[in-house]
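The structure displayed is predicted, hence computed values, not measured ones. Counting starts at 1 for both ligands and their atoms, in listed order.
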Amino acid sequence: INACLPCAAGEMSAQLTEGSFALAWHVTPPALRATSPALQERLSNMRRHPPRIAAMRDTKAPTAPHRARKRFGQNFLVDRHYILRIVDAIDPRPEQRIVEIGPGQAALTRELLAAMDAHCATGQAASLDVVEIDRDLVARLTAEFPRDRLRVHEADALEFDFATLAADAKLRVVGNLPYNISTPILFRLCEFEDRISDMTFMLQKEVVDRMAASEGSGERGRLSVMLQYRYRVEKCFDVPPGAFRPIPAVDSSIVRLTPLGSKRLRPNNETRFAQIVTAAFTQRRKMIRKSLAAWVSADAWTAIGIEPTARAEDLSTAEFVAISDWREGSSP
Ligand code: SAM
């Protein structure tokens, strides 16, 4: 509000914000309190009938508490211990190009910026890019952070062109991902593999366990193979449901993905490779000679060097590449 505070020197206009109301009262010099009955009355009225917060803030800034939207997978991190552990695992530096997916109410964003600032030369401030779909949250973010600190992209991360942010440097992608679309986001980001230096995400624990599962594990699936042939997948630590509001029904984990770059296996035909991996795990309980019968003839398994009685979860990424390359070489 614009509070016109009459004082001995004339009219003093002050912008009172939520926090500065208390400050204004406490810093009012005793002489002013004593000599300005009008001011005293106004402040005491404000105490008795505190103005609604909505009226005290910048009119552009949203004021009511944000109501979490289920459709956007909004479970906000509130436990500072875990927020700091995540930032520590990311170890952000000011010279890096960092983009956060789904900043929400900026729980991670704020600490990421603070951690980057701590490494800045004196007087400099770091900056971040964020991609957020919820326009209410976008309004809050743009009201809280100046544009030279936070470049807010109001967009669906499933459609956002991350290459536009990686013109001059590879990206570090981070975020507490909306669980309802985490797998599609991971596959979408595979399209930018060459532009990314690493990714650190919070995901549903069960998904992280599948992402990191090695051959022979019952948790191994299409997601494990399709990610592990591109990235080193490291599970960092678990985060309990109580660290979020609203409290989710599932446990969460932090995972880091680092592109393998030139070390990664390159199937001769990536589309064929993906089709074979999908086919094998669609019938995961069957032996591969059955689940992949449409792709590999029964007499070819010896030539490929793979036991036909194995199940999909027993195969390494290299073995899936061998099957795909054999098929590529044998198809007309
Ligand atoms: N980073 C915040 C935190 O840790 O408290 C919020 C995390 S919340 C689990 C997921 C965030 O992703 C929400 O802010 C949600 O609005 C946003 N989001 C959901 N779907 C999205 C999409 N398709 N593209 C971009 N952001 C999305």
Side-chain angles (χ1 to χ4, degrees), residues 62 64-90 92 98-116 127-145 149-166 171-192 196 199-208 211 236-256:
H66 177 76
R67 288 186 59 172
R69 294 193 164 101
K70 222 173 175 175
R71 73 176 188 281
F72 291 146
Q74 292 178 352
N75 295 97
F76 299 107
L77 261 172
V78 293
D79 187 325
R80 194 168 152 76
H81 164 76
Y82 285 104
I83 294 170
L84 294 181
R85 271 188 82 183
I86 296 165
V87 172
D88 202 42
I90 296 168
I98 301 185
V99 55
E100 183 187 0
I101 297 176
Q105 306 192 88
L108 273 176
T109 322
R110 251 175 243 116
E111 298 298 343
L112 284 168
L113 283 170
M116 291 162 90
S127 67
L128 271 183
D129 284 279
V130 294
V131 180
E132 173 58 63
I133 199 169
D134 184 330
R135 76 161 66 122
D136 291 346
L137 291 173
V138 165
R140 286 164 196 271
L141 291 163
T142 48
E144 177 175 347
F145 298 93
R149 291 283 270 162
L150 197 70
R151 290 171 295 276
V152 184
H153 307 274
E154 183 182 340
D156 182 342
L158 292 172
E159 286 165 15
F160 185 73
D161 183 1
F162 288 88
T164 57
L165 305 180
L171 289 181
R172 301 195 71 202
V173 190
V174 305
N176 170 11
L177 296 187
Y179 294 172
N180 47 351
I181 53 161
S182 54
T183 305
I185 288 186
L186 292 170
F187 278 106
R188 168 74 177 154
L189 288 165
C190 286
E191 294 169 30
F192 302 98
I196 288 174
M199 308 191 273
T200 307
F201 294 130
M202 169 118 65
L203 292 164
Q204 199 173 327
K205 178 177 180 296
E206 185 214 307
V207 174
V208 171
M211 289 164 69
C236 303
F237 56 89
D238 295 333
V239 180
F244 305 85
R245 291 294 179 281
I247 296 178
V250 294
D251 285 325
S252 306
S253 300
I254 301 296
V255 63
R256 182 180 301 118

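Backbone and side-chain nitrogen or oxygen atoms of Gln105 are examined, and none is located within less than 3.5 angstrom of a nitrogen or oxygen of ligand 1. Considering backbone and side-chain N/O atoms, Asn75 never comes within less than 3.5 Å of an N/O atom of ligand 1. Inclusion of Ala157 in the set of residues having an N or O under 3.5 Å from an N or O of ligand 1 is warranted. Of the polar atoms of Glu132, at least one N or O is found under 3.5 Å from an N or O of ligand 1, judged by distance alone. Residue Leu77 has at least one nitrogen or oxygen atom sitting less than 3.5 Å from a nitrogen or oxygen atom of ligand 1, judged on distance alone.
The aromatic rings of Phe162 and Phe192 sit perpendicular to each other, their planes meeting at more than 60°, with 30° as the lower class boundary.
Between Ile86 and Phe237, some side-chain heavy-atom pair lies under the 4.5 Å cut-off. For the pair Gln105 and Gln74, the minimum side-chain heavy-atom distance is 4.5 Å or more. Counting only heavy atoms from C-beta outward, the side chains of Met202 and Phe244 approach each other to under 4.5 Å. By the 4.5 Å heavy-atom criterion applied to side chains, Lys205 and Val250 are not counted as neighbours. Under the 4.5 Å side-chain criterion, counting only non-hydrogen atoms from C-beta, Leu137 is not in contact with Pro103. A heavy-atom distance below 4.5 Å is found between the side chains of His153 and Leu165. A 4.5 Å side-chain heavy-atom check between Ile101 and Phe160 finds every atom pair outside the cut-off.
Residue Glu100 places a heavy atom under 4.0 Å from ligand 1.
Annotation: atom 20 (N) of ligand 1 to nearest protein heavy atom, Pro178 CG, 3.5 Å. Closest to atom 26 (N) of ligand 1 among all protein heavy atoms lies Ile133 N, 3.4 Å. Of the protein's non-hydrogen atoms, the one nearest atom 4 (O) of ligand 1 is Asn176 ND2, 2.9 Å. Scanning the protein for heavy atoms near atom 19 (C) of ligand 1, the closest one is Phe72 O, 3.1 Å. For atom 8 (S) of ligand 1, the nearest non-hydrogen atom of the protein is Gly73 O, 3.6 Å. Ranking the protein heavy atoms by distance from atom 23 (N) of ligand 1 puts Asp156 OD1, 2.8 Å first. Scanning the protein heavy atoms around atom 2 (C) of ligand 1, the nearest turns out to be Pro103 O, 3.3 Å.
In terms of the ring pair (Phe, Tyr, Trp, His ring centres under 6.0 Å) criterion, residue partners of Phe76 (sequence neighbours excluded) are, by chain and number, His66. Residues that satisfy the salt bridge (charged side-chain N to carboxylate O under 4.0 Å, His left out) test with Asp136, not counting sequence neighbours, are Arg69.
Close contacts of ligand 1 with Val131, meaning ligand atoms under 4.0 Å from a residue heavy atom, involve 25 (C), 26 (N). Here is the list of ligand 1 atoms found below 4.0 Å of a heavy atom in Ala155: 24 (N), 25 (C). Annotation for ligand 1: atoms under 4.0 Å from non-hydrogen atoms of Ile181 are 20 (N), 22 (C), 23 (N). Atoms of ligand 1 lying under 4.0 Å from any heavy atom of Asp134, numbered from 1 in the order shown and given with element: 16 (O).
Taking only non-hydrogen atoms, the option from Ala106, Ala68, Gly102 nearest to atom 1 (N) of ligand 1 is Gly102.
When heavy-atom distances to ligand 1 are checked against a 4.0 Å cut-off, Ile185 has no atom that comes that close, whether in backbone or side chain. When heavy-atom distances to ligand 1 are checked against a 4.0 Å cut-off, Leu137 comes that close only through its side chain, counted from C-beta outward.
The CD1 atom of Ile133 lies 4.0 Å from the CG atom of Asp156; values are rounded to the nearest 0.5 Å.
Considering every non-hydrogen atom in both Asp251 and Pro241, the closest pair reads OD1-CD, 3.1 Å.
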